[in-house]
Amino acid sequence: MGLDDGVRELLRQPMKEFHFTIPVKMDDGSTKIFKAYRIKHNDARGPAKGGIRFHPHETVDTVRALSMWMTWKCAVVDIPLGGGKGGVICDPRHMSLLEQERLCRGYIRQSYHQIGPNIDVPAPDVMTNGQHMLWMLDEYETISGGRYPGVITGKPVGMGGSLGRTEATGYGVIYMLKNLLKAEGIKLRNTTASIQGFGNVAEYAARLYSKMGGKVICISCWNQDDGVAYTFRKKDGCDIEQLVSIKDSYGSIDKDKAKEFGYEVLPASAWLSEEVDILIPAALENQITPSVLADISNSVKVICEAANGPVTPDCDDEIAGRGIKLIPDFLCNAGGVICSYFEQVQGNTNYYWGNDEVFDKLSTAMSNAFHAVYITSKEKELQMRDAAYTIAVSRVVDAVKKRGWV
Ligand code: NAD
């Protein structure tokens, strides 16, 4: 991109890092000290935005990398936010709810001056949820003495959360797909898809895709009892509502009930080799690697990276060489962060929108982002991932230069 050294040096690392400890009184009377982080990669375009993860293997490097990813994600969809991320090294699965509450409140007490509606706006991430966000919000408001619902997103609806947030990431994936198919002259209602995952993202993507007339042939998900994943297939199209009715809260489909409903139960990897038009990896990172590329059917025209990092970057050239269009993760799954931005706006104005308004605005934002990337990829003869990064980085560079930082 021809960036000068100062710009590269600035963008290569987070601008601010806060490392702190949180002492928590445990239920057995002992005190545990948890290591925590809040990192701001870049806030030239607006307040930083990004989740807080609770994980026993959390590392400062993961938080750094994810904060940078948030900068590019917010920039590529052109929302006026920067990139941030937080984390606590802990395992909430082995903590009581009261201990978790004390940890959340402790996180805010230690980072109070670093966050705020106009500074840095946290959200849920791995192993954190709406309840954790509410405890954090309450602690923030207790210290500040005011009501600031825009300081944190991912809150439950009715307590400052936005309608549509549950659906936003999955729906956003399909808004992207719809735009791409239209640009490529393919009718969505004539297409078939195979999906990996049946959690939050995959479920709502599958629902909207089917509602628009597409046919989901395969869904692959994890089976806790057997410790393996399976692919559930129905050649004439899965009934998504029926599968939702037999899945648990972790996104696992009941194998026996699926068989009763006439689904074939196939090995985990079968979803990838199915003869469909569209692949939607919506479960985990590193699922499509060079060693499995040959398994992808020649019928596949589009891969939607609904999960974060499901296709390893060393696959990009071969995928492009086969004429498959790939919608890159940080564009494809940005519906979630766009809706979090909407939640922040609604919180800051204390005025909440209806479902239709949220989905209309989400669809418009995703379409605008898609067209900017698609046009750039055509004009500069770039793959969509490179086009998306070019746009995102350019916008941040423009902001840091206009502010006179470099
Ligand atoms: P989730 O926990 O709700 O669902 C995960 C799904 O993956 C489950 O259905 C599970 O059975 C399945 N799965 C796990 N291991 C599998 C395996 N080996 N093979 C097949 N299926 C497997 O998670 P989610 O919120 O839907 O997130 C999915 C991905 O999307 C993640 O990469 C996440 O980081 C990313 N993402 C999520 C959001 C969001 O708003 N939820 C936003 C952006 C990105």
Side-chain angles (χ1 to χ4, degrees), residues 49-51 53 55 62 65-66 69-70 72-74 76-77 83 85 87 93 123-130 133 153-154 161-162 164-176 194-207 216 218-233 238 240 243-244 246-255 258 265-272 274 279-289 292 304-312 327-343 362 366:
K49 180 97 195 78
R53 304 181 146 203
H55 203 280
T62 316
L66 292 167
W69 217 346
M70 287 304 296
W72 310 139
K73 194 183 263 201
C74 293
V76 78
V77 292
K85 204 80 183 188
R93 292 166 298 191
D125 202 281
V126 174
M127 287 206 267
T128 49
N129 57 37
M133 297 305 109
T153 63
S162 176
R165 177 62 188 89
T166 310
E167 299 91 335
T169 308
Y171 278 18
V173 170
I174 303 306
Y175 294 149
M176 281 288 155
S194 180
I195 303 179
Q196 188 192 35
F198 204 42
N200 170 261
V201 178
E203 175 189 329
Y204 287 98
R207 280 186 156 161
V216 178
C218 290
I219 290 181
S220 165
C221 62
W222 188 253
N223 185 292
Q224 195 61 34
D225 295 336
D226 299 354
V228 288
Y230 293 110
T231 294
F232 298 88
R233 180 170 75 180
C238 301
I240 304 303
L243 287 177
V244 169
I246 56 167
K247 82 163 195 169
D248 65 18
S249 61
Y250 299 102
S252 295
I253 294 169
D254 186 314
K255 190 175 60 171
V265 181
L266 306 171
S269 60
W271 76 278
L272 186 70
E274 189 64 25
L279 292 178
I280 308 182
L284 302 169
E285 62 282 353
N286 300 335
Q287 295 302 294
I288 301 182
T289 59
V292 302
C304 299
E305 282 193 313
N308 282 323
V311 181
T312 57
I327 310 178
D329 49 10
F330 73 118
L331 174 69
C332 194
N333 65 32
V337 75
I338 295 175
C339 199
S340 293
Y341 163 60
F342 292 164
E343 178 177 339
L362 180 64
M366 297 289 285

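Along the sequence shown, the residues carry numbers beginning at 1. All ligand and atom numbering here is 1-based and tracks the order in the structure.
Separation of atoms CD1 (Ile174) and OG1 (Thr169) is listed at 12.0 Å; rounding is to 0.5 Å.
Residues of the protein with a heavy atom under 4.0 Å from ligand 1 are Lys73, Arg165, Thr169, Gln196, Gly197, Phe198, Gly199, Asn200, Val201, Ser220, Cys221, Trp222, Ala229, Tyr250, Gly251, Ala282, Ala283, Leu284, Ala306, Ala307, Asn308, Asn333, listed by chain and number.
With salt bridges taken as basic N to acidic carboxylate O contacts below 4.0 Å, one links Glu274 and Arg233. Note on Arg207 versus Glu167: no salt bridge recorded, every NZ/NE/NH1/NH2 to OD/OE distance being 4.0 Å or above.
With sequence neighbours left out, the salt bridge (charged side-chain N to carboxylate O under 4.0 Å, His left out) criterion links Asp225 to no other residue.
Looking only at side-chain heavy atoms (C-beta outward), Asn333 and Met176 stay at 4.5 Å or farther from each other.
Of the possible donor and acceptor atoms, none in the side chain of Thr231 sits under 3.5 Å from a partner among the backbone N and O of Leu266.
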